[in-house]
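Please read the structure below before turning to the comments.
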Amino acid sequence: MFDKKEIKNVKKDYVANTVIIYFSDTELGNFQKIHKSIRANTKFIEIGTKNPKIHTELEKNKFEEIFIPWSLTNSNENVMSVSSFFQQNIDKLKELLQNADLAIILYKSQDLDMLLYVRELSYILDKYDVFSFHCVVENFVTSKQQDKYYLKVKSDALKYRQPVIPILESTIVEAYEDASLVNRKKFISRFVLDLIESIVVPFVEPDLNPNHFSSIKSLFYSNDKNFQSKVIPTIGISMSKVDWLDLSIIQALSNPIFYGSFGASGTFIVTIKTPYITNKMVDRIRHILKMVIGENKNFLICKYIGEFDVDIYSQITILALNSDESKLIKESKDIENHIKKLLVEVEKSKKLFNNDLTKTIVLDTPWEKLKNK
């Protein structure tokens, strides 16, 4: 059993101190369009070889970005050893991390330097009792040495009680209609940005999500397996004016990235991003989730108001905790068939669809957005 640490800051209206740690030389550090509440309440720590980014966005889109070079030259061929880097920067890192409540570490499984640095960062974050999530892009191609160290990173994350959220390149390519091996970086960047935003915003917007920090931390610490099993993410959007909440939920559940986790997990963190939110909308979402996934499942629903670049009406992000690997559905067609079967059964009880138009949209439209394999 894990020992439960004292939960920091249990005030209902507390805005959590957050940090996002990421690395240069990847496509994963473009945070200019992330939600304004995160930009205002988060420190962005970039480690790498490139010079700090020159922001060309509007003044309102700027944020506090701390750049820490890991090389004396502008080349990742001369990356400092882990011990040298952290000896030189421990005071700065202590200043940035000792008062933090929440951290997101963003990295790739194929980069050995990142993996070595992440292991030490995990230790430091644990030392300062920072509730930390690993968002890691699991690459198509890795070496045996990289795989070896990635296993060590995951072992450390378990030891330090830091949930791991893997983002597989293979399923990103499968989930987006226009994605391919050639342009996958663009879609990975989009998914990562939306995922991190949906995780962090509820921590820094207590008006819509009171007591969120202690609620999430208590949820994870309530079951040891929440740290032992990976967290499986998914995102669904709606570009339809008809029953947009229904559509975004079903698209999230049917997304190949989710591996059919609705049957493999008992606990889900659900985050709603919409241009406006009402209690009736939240009740509708909870109703659909219970009808489709099951009454006996546990849903923690979070929410925030956000703007969309395109004609999108809602975005639903779901994190499945403690997923039973043996119950995951990994074939896109099987996921589609299973979801449709569930929806038809729900429709028979007249508890979901209100009219034929709604039924057509919810049953058919989500899969038009998925790439046929």
Side-chain angles (χ1 to χ4, degrees), residues 2 20-29 45-49 68-71 75-90 93 97 103-127 130-174 181 184-185 188-189 191-192 195-196 220 224-233 257 259 264 320-326 328 330:
F2 289 115
I20 297 174
I21 305 171
Y22 58 103
F23 295 85
S24 298
D25 304 312
T26 75
E27 70 282 357
L28 304 177
I45 303 172
E46 180 182 3
I47 298 172
T49 59
I68 308 178
W70 67 6
S71 171
S75 170
N76 59 11
E77 294 179 1
N78 297 297
V79 172
M80 283 187 279
S81 68
V82 173
S83 58
S84 296
F85 175 85
F86 285 95
Q87 274 184 345
Q88 288 187 25
N89 295 288
I90 191 62
L93 289 168
L97 300 177
I104 304 289
I105 317 175
L106 177 61
Y107 57 98
K108 288 186 169 187
S109 68
Q110 74 174 8
D111 192 299
L112 185 57
D113 290 321
M114 288 184 194
L115 295 174
L116 294 171
Y117 274 57
V118 167
R119 291 196 71 191
E120 186 65 22
L121 285 168
S122 294
Y123 165 75
I124 294 171
L125 290 165
D126 176 69
K127 178 181 178 181
V130 184
F131 188 40
S132 305
F133 288 80
H134 292 238
C135 288
V136 50
V137 175
E138 294 190 349
N139 301 99
F140 279 115
V141 180
T142 57
S143 69
K144 288 184 178 180
Q145 188 179 25
Q146 291 160 349
D147 290 340
K148 173 184 174 182
Y149 277 95
Y150 183 37
L151 285 173
K152 290 182 178 180
V153 168
K154 290 189 286 187
S155 177
D156 287 344
L158 170 61
K159 178 171 66 175
Y160 299 137
R161 308 169 183 91
Q162 297 171 352
V164 176
I165 307 177
I167 303 159
L168 280 67
E169 280 190 334
S170 55
T171 52
I172 291 288
V173 171
E174 186 178 1
L181 292 178
R184 66 186 183 277
K185 289 184 177 181
I188 292 169
S189 178
F191 184 88
V192 166
L195 176 64
I196 290 178
F220 273 92
D224 298 349
K225 291 182 179 179
N226 289 334
F227 297 104
Q228 295 168 358
S229 303
K230 62 187 177 184
V231 178
I232 300 181
I257 296 170
Y259 278 153
L321 278 54
N322 184 22
S323 297
D324 183 345
E325 294 275 352
S326 67
L328 294 175
K330 296 194 176 183

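The residues of the chain are indexed from 1 along the displayed sequence. Values below: all heavy atoms of this structure, side chains included; hydrogens, waters and symmetry mates excluded.
To the nearest 0.5 Å, the span separating CG on Asp156 from CG on Leu125 amounts to 12.0 Å. Atom-to-atom distance recorded for Lys152:NZ and Lys159:NZ is 11.5 Å, nearest 0.5 angstrom. Asp147 CG to Leu112 CG: the interatomic distance, rounded to the nearest 0.5 Å, is 11.0 Å.
A side-chain N or O of Ser24 and one of Glu46 form a donor-acceptor pair less than 3.5 Å apart.
Side-chain contact between Ile90 and Ile124 is present, with at least one heavy-atom pair separated by less than 4.5 Å. Between Ile196 and Phe133, every side-chain heavy-atom pair lies at or beyond the 4.5 Å cut-off. Taking the side chain as every heavy atom from C-beta outward, Ile45 and Leu97 approach each other to under 4.5 Å. Residues Tyr22 and Cys135 have side chains not in contact (no heavy-atom distance under 4.5 Å, counting atoms from C-beta outward). Side-chain contact check for Phe220 versus Leu321: some heavy-atom pair is nearer than 4.5 Å. In this structure, Leu93 and Ile68 have side chains that are in contact, with non-hydrogen atoms separated by less than 4.5 Å. In this structure, Ile47 and Leu121 have side chains that are in contact, with non-hydrogen atoms separated by less than 4.5 Å.
With Gln162 contributing its side chain and Ser122 its backbone, the two residues share a donor-acceptor pair below 3.5 Å. Side-chain atoms of Ser132 come within 3.5 Å of backbone atoms of Val130 as a donor-acceptor pair (strictly under, hydrogens ignored). Proximity of a side-chain donor or acceptor of Ser155 to a complementary backbone N or O of Leu151 within less than 3.5 Å is not detected.
The aromatic rings of Tyr117 and Phe86 lie tilted to each other, with the angle between the two planes from 30° to 60°. Between Phe23 and Trp70, the ring-plane angle classifies as tilted under the 30° and 60° cut-offs.
Scanning both residues, Glu138 and Pro166, for their nearest heavy atoms gives OE2-CB, 3.4 Å. Between Leu115 and Lys108, the closest heavy-atom pair is CD2-O, 3.9 Å. Taking all atoms of both residues into account, the shortest heavy-atom contact from Asn139 to Ser109 is N-OG, 3.0 Å.
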### Task
Using the ring pair (Phe, Tyr, Trp, His ring centres under 6.0 Å) rule, take Phe227 and Tyr160 through it: C-alpha gap first, then chi angles, then the decisive distance, then the call.
CA-CA 9 Å; Phe227 297 104; Tyr160 299 137; over 10 Å; no
